[in-house]
4 protein chains.
Amino acid sequence: MQPASPALDDAPERARRTRRKEARPGELLEAALALFVEKGFAATRVEEVAARAGVSKGTLFLYFASKEELFKAVVRENASRHLTEALRELDGFAGASSDLLREFLRRWWLLYGGTPAAGLTKLMLIEATHFPELAHWFQDEVVQPSHALLRRIVQRGIDRGEFRPVDVPRVVHLIVAPLVQMVTWRLTLGHCCPYTHEDQPMALIELHADMLIRGLTP
Amino acid sequence: MQPASPALDDAPERARRTRRKEARPGELLEAALALFVEKGFAATRVEEVAARAGVSKGTLFLYFASKEELFKAVVRENASRHLTEALRELDGFAGASSDLLREFLRRWWLLYGGTPAAGLTKLMLIEATHFPELAHWFQDEVVQPSHALLRRIVQRGIDRGEFRPVDVPRVVHLIVAPLVQMVTWRLTLGHCCPYTHEDQPMALIELHADMLIRGLTP
Amino acid sequence: MQPASPALDDAPERARRTRRKEARPGELLEAALALFVEKGFAATRVEEVAARAGVSKGTLFLYFASKEELFKAVVRENASRHLTEALRELDGFAGASSDLLREFLRRWWLLYGGTPAAGLTKLMLIEATHFPELAHWFQDEVVQPSHALLRRIVQRGIDRGEFRPVDVPRVVHLIVAPLVQMVTWRLTLGHCCPYTHEDQPMALIELHADMLIRGLTP
Amino acid sequence: MQPASPALDDAPERARRTRRKEARPGELLEAALALFVEKGFAATRVEEVAARAGVSKGTLFLYFASKEELFKAVVRENASRHLTEALRELDGFAGASSDLLREFLRRWWLLYGGTPAAGLTKLMLIEATHFPELAHWFQDEVVQPSHALLRRIVQRGIDRGEFRPVDVPRVVHLIVAPLVQMVTWRLTLGHCCPYTHEDQPMALIELHADMLIRGLTP
DNA sequence: TATGAATGAGACTTCATTCAT
DNA sequence: TATGAATGAAGTCTCATTCAT
């Protein structure tokens with residue numbers, strides 16, 4: 001009776017088929033990242049991922065042998081790129097350790113925590129049980145380097161007499177926790193519980209830096 | 001015609017069934033909590049839950065109309081019980097605000113963070129997207145009361161001149177974040193990455209209190 | 001508007017569900033044998049097998065973990081039962097070797113070649129490439145024992161001077177070939193090409209015996 | 001707008017393409033014969049066929065409208081060529097009928113049974129159910145002419161008093177069965193069960209002729 | 001003519017849910 | 001109340017076929 005969807009003709013269909021092969025994996029990874037972060041591995045359907053990337057179900061399997069391989073690729077692709085290199089520049093920092101720490105926190109949010117790639121952190125927290133070897137890899141490639149950098153920053157402060165002596169690894173956990181928390185909150189409860197104070201993330205970052213520096217001052 | 005299996009002696013069977021029938025829902029909820037926390041909602045099979053509770057798949061549906069209802073019951077059952085009442089006693093605390101804050105952190109870990117019920121926090125972080133109304137309820141029933149208590153504690157310190165003036169809601173987030181983080185870490189990466197410093201949780205709690213109090217001191 | 005299928009009420013539905021568990025595997029194996037023989041492994045759909053056994057698709061997987069396992073069960077179940085034991089009694093035969101040979105041929109057709117189990121022979125011929133280990137097992141369990149028995153029969157005839165000396169293993173192949181051929185023909189071309197002379201199989205068996213005995217007479 | 005990839009030098013590509021375009025169908029048929037014989041129709045993927053023929057999947061569909069058409073072409077192409085013409089010369093044979101029969105068997109193996117084209121026999125046995133009209137055609141074009149020739153040979157022997165009177169069509173089946181069996185065995189169990197006595201096929205042929213002639217002698 | 005990226009129907013398999021016992 | 005066999009919708013993955021280049 002009524003035409004099912006009169007807007008659909010096959011012109012866009014044709015256009016879609018023509019798109020270049022090299023862009024596909026990236027588009028699929030981007031779509032998969034968003035959906036895996038939003039719904040978890042098990043609750044995400046490959047057809048959704050394909051649809052969000054603008055391709056059909058079958059096309060996804062042209063590039064990734066299985067849903068699991070897609071997941072692993074999502075993690076590996078996004079993890080190695082963003083976080084580590086963004087922070088590595090801080091190694092050459094010259095100046096007060098308190099400024100270095102504050103700079104670390106700012107950069108972390110700007111270059112990672114506030115970007116879609118931060119979804120990885122939530123993803124690994126959720127799926128670590130199902131992908132143990134991937135969790136280990138994530139620890140080695142992402143978590144440990146970040147923590148190591150932070151340990152060097154804190155230790156530098158102590159060595160230069162700017163920070164009081166503390167248990168460095170534990171302090172690092174206290175530095176990291178609110179960052180991770182901000183990400184997780186934004187990606188989960190943020191959707192439905194808008195009254196959390198995440199609308200000005202940098203203000204929270206600054207307060208965190210403030211509290212930490214006071215807490216570390218001799 | 002011929003009786004299906006008259007030889008089967010169902011006397012011991014009956015004994016087992018009647019053993020503790022009013023305990024069933026509790027056993028099922030306990031099993032479901034553990035599995036939902038470990039694997040998430042979608043990846044947990046109701047048959048597993050039933051098996052862990054020592055009953056058959058069909059029995060589970062006698063007590064819970066669906067997997068979703070089971071999940072909601074798990075959250076509601078565990079949430080209302082543990083956290084809020086455990087902390088409410090602190091409202092009558094008399095003494096230094098720094099001691100009050102430290103006491104809060106200790107109790108939080110002992111009465112909630114270190115118990116199986118803490119899995120709820122991880123669970124809600126993961127599944128909030130799928131159960132928005134449940135997430136709201138969790139916010140109202142669990143998160144907001146805890147935060148409100150903490151706001152009162154911090155405000156008390158400021159009012160009494162023990163703490164410097166700060167943005168109270170944001171500080172509360174900084175207080176809570178490491179607690180949530182400890183729970184999440186223990187329940188996820190803890191499985192596979194044992195070198196995190198979670199073996200002495202109270203030491204981290206004490207350091208956290210220490211840093212916070214220094215950070216809040218005028 | 002109009003009821004979808006008014007003839008369907010749920011009485012037979014109920015009846016079906018009630019059927020005894022022990023009968024299921026047998027019914028499924030029987031259905032699977034017929035379909036695998038008719039269409040081969042790849043072209044047979046599990047849903048067809050289930051439908052022919054009067055159950056749903058899911059039920060099949062209650063009893064067989066996968067389509068491959070179903071196939072293996074079909075082969076193993078039917079192979080060991082029928083052929084070998086049927087022929088083993090001939091070992092004690094007393095009398096002329098020509099009668100023994102003739103008796104072998106008759107029994108082979110009556111107890112195996114003419115029954116549904118003979119489909120196994122066609123099945124293994126077709127699927128040996130896909131299930132090599134199963135093919136080996138079939139050789140060891142079914143083919144070799146039969147050939148060994150035939151070798152003993154021919155050798156007995158030679159030893160007693162009733163048969164002329166011949167290459168025994170090769171003669172065994174010549175004895176077996178028409179039998180296998182009769183089975184294969186009946187199950188394949190028989191469907192569509194009715195003018196082959198399979199309507200009186202025993203007449204062909206008798207002629208075969210006749211030709212063989214003449215061919216073996218000194 | 002912008003050319004997709006102008007940097008790609010497609011000159012050698014062109015050379016390969018034009019190399020032997022009229023040879024394509026033949027190469028595809030050859031590849032398809034081998035794979036259909038090895039794995040059956042359903043389990044053979046057109047991509048495999050194309051790859052074995054050294055072309056892409058799309059090219060295959062330039063020459064054959066569908067997988068089914070490819071299959072039919074394989075059968076028709078190979079069937080009409082090899083067998084019938086090879087045997088037709090025997091019609092003019094002058095000499096003893098036993099020699100004629102022996103010669104038939106030898107030629108059959110040399111010109112058909114031992115060649116890749118013999119795979120057709122296995123193929124038709126397996127797929128006759130799925131391609132009934134093809135099976136009929138095969139009967140008419142291949143099986144019937146061969147059987148007719150054999151019937152003439154046997155009848156000639158009887159008429160000339162060289163063979164005893166027998167049921168001619170049935171004897172023809174007994175003549176053919178070991179031949180078909182040799183082919184089938186070689187192409188299936190031969191892969192995995194090397195202890196069958198197919199390493200000297202002509203010795204089996206000779207023994208078969210020997211047995212037949214003795215069996216037919218008055 | 002040849003390609004190979006893209007499609008989507010259809011296969012196998014899982015699992016929440018039902019129901020006769 | 002408890003069971004567990006049975007169901008079938010829904011998911012992952014395959015592969016014959018199409019089509020723009």
Side-chain angles (χ1 to χ4, degrees), chain A residues 10 13-21 24 42-48 50 54-68 70, chain B residues 3-5 10 13-14 16-18 21-22 24 42 44-48 50 55-68 70, chain C residues 10 13-21 24 42-48 50 54-68 70, chain D residues 3-5 10 13-14 16-19 21-22 24 42 44-50 55-68 70:
Chain A
D10 52 352
E13 173 68 8
R14 291 242 174 82
R16 216 188 302 153
R17 273 210 183 175
T18 322
R19 248 187 285 159
R20 63 277 135 187
K21 173 189 179 184
R24 279 286 135 70
T44 297
R45 297 193 321 238
V46 293
E47 196 159 18
E48 279 182 281
V55 299
S56 78
K57 203 174 21 170
T59 302
L60 188 149
F61 288 96
L62 246 43
Y63 297 98
F64 303 96
S66 70
K67 195 185 175 187
E68 286 214 357
L70 173 64
Chain B
S5 52
D10 50 355
E13 178 66 7
R14 285 246 176 79
R16 185 154 59 79
R17 278 186 201 168
T18 32
K21 69 178 128 183
E22 66 286 346
R24 279 287 137 70
T44 296
R45 301 203 320 254
V46 294
E47 191 159 24
E48 276 183 284
V55 299
S56 78
K57 205 170 20 168
T59 302
L60 188 150
F61 285 93
L62 245 43
Y63 294 100
F64 303 97
S66 70
K67 194 186 177 186
E68 287 214 358
L70 171 64
Chain C
D10 50 355
E13 174 67 8
R14 290 240 174 83
R16 215 187 304 152
R17 272 209 184 174
T18 321
R19 247 187 285 158
R20 63 276 137 185
K21 175 188 179 184
R24 279 287 134 69
T44 296
R45 293 184 325 212
V46 293
E47 195 158 18
E48 279 181 282
V55 298
S56 79
K57 206 174 14 172
T59 301
L60 188 151
F61 287 95
L62 247 44
Y63 297 98
F64 303 97
S66 69
K67 194 185 176 187
E68 287 214 357
L70 173 63
Chain D
S5 52
D10 52 354
E13 177 67 5
R14 286 246 175 79
R16 186 153 59 81
R17 277 184 202 168
T18 31
R19 200 180 36 186
K21 69 180 130 182
E22 64 289 343
R24 280 287 137 71
T44 296
R45 300 204 318 258
V46 293
E47 192 158 24
E48 277 182 284
V49 175
V55 300
S56 78
K57 203 166 26 166
T59 303
L60 187 150
F61 285 93
L62 245 43
Y63 293 101
F64 303 97
S66 70
K67 194 186 177 187
E68 288 213 357
L70 172 63

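Every heavy atom of this structure was used, including side-chain atoms; hydrogens, water molecules and symmetry mates were not. On a predicted model such as this, the values are computed, not experimentally measured, just so you know. A note on names: the letters A, B, ... follow the listed sequences, proteins ahead of strands, and every chain is numbered from 1.
At a threshold of 4.0 angstrom between heavy atoms, the contacts of A:V46 are confined to the sugar-phosphate backbone, with no base atom among them. The residue B:K67 sits close only to the backbone: its heavy atoms come under 4.0 Å of sugar-phosphate atoms, none of a base.
A residue-by-residue look at B:E68 and D:G58 shows that D:G58 has its nearest nucleotide of DNA chain E further toward the 5' end. Along DNA chain F, the nucleotide nearest D:R45 and the nucleotide nearest B:L60 are compared for position; the residue whose nucleotide lies closer to the 5' end is B:L60.
When the C1' atom of F:dT18 is taken as reference, atom NZ of D:K57 falls 11 Å away, rounded to whole Å. Computed from coordinates, the A:E48 CD to F:dT12 C1' distance equals 13 Å when rounded to whole Å. Here F:dG8 presents its C1' atom at 13 Å from CG of C:L62, a figure rounded to the nearest Å. One atom, CG of A:L70, and another, P of F:dT12, lie 11 Å apart when rounded to the nearest Å. At whole-Å resolution of the value, CD in D:E47 and C1' in E:dG4 are 9 Å apart.
Out of F:dT14, E:dA16, F:dT17, the shortest distance to the side chain of A:F61 is found at F:dT14. In the set F:dC13, E:dT7, F:dG8, the nucleotide with an atom closest to the side chain of C:S56 is F:dG8.
Put simply, B:T59 has no side-chain N or O that comes within less than 4.0 Å of OP1 or OP2 on F:dA2. Under 4.0 angstrom from either OP1 or OP2 of E:dA5 there lies no side-chain N or O belonging to A:Y63.
Consecutive Watson-Crick or G-U pairs involving DNA chain F, each under 3.5 Å on both distances, make up stems of three or more pairs at E:2-21 with F:2-21.
Taking both residues in full, the closest heavy atoms of D:A42 and C:A42 are given as CB-CB, 3.6 Å, listed atom of the first, atom of the second, then distance. For the pair B:V46 and B:K67, the tightest heavy-atom approach, listed with the atom from each and the gap, is CG1-CG, 3.7 Å.
Remark: of the listed residues D:E47, D:R45, D:E48, D:E47 is the sole one forming a side-chain contact (heavy atoms from CB on, under 4.5 Å) with D:K57.
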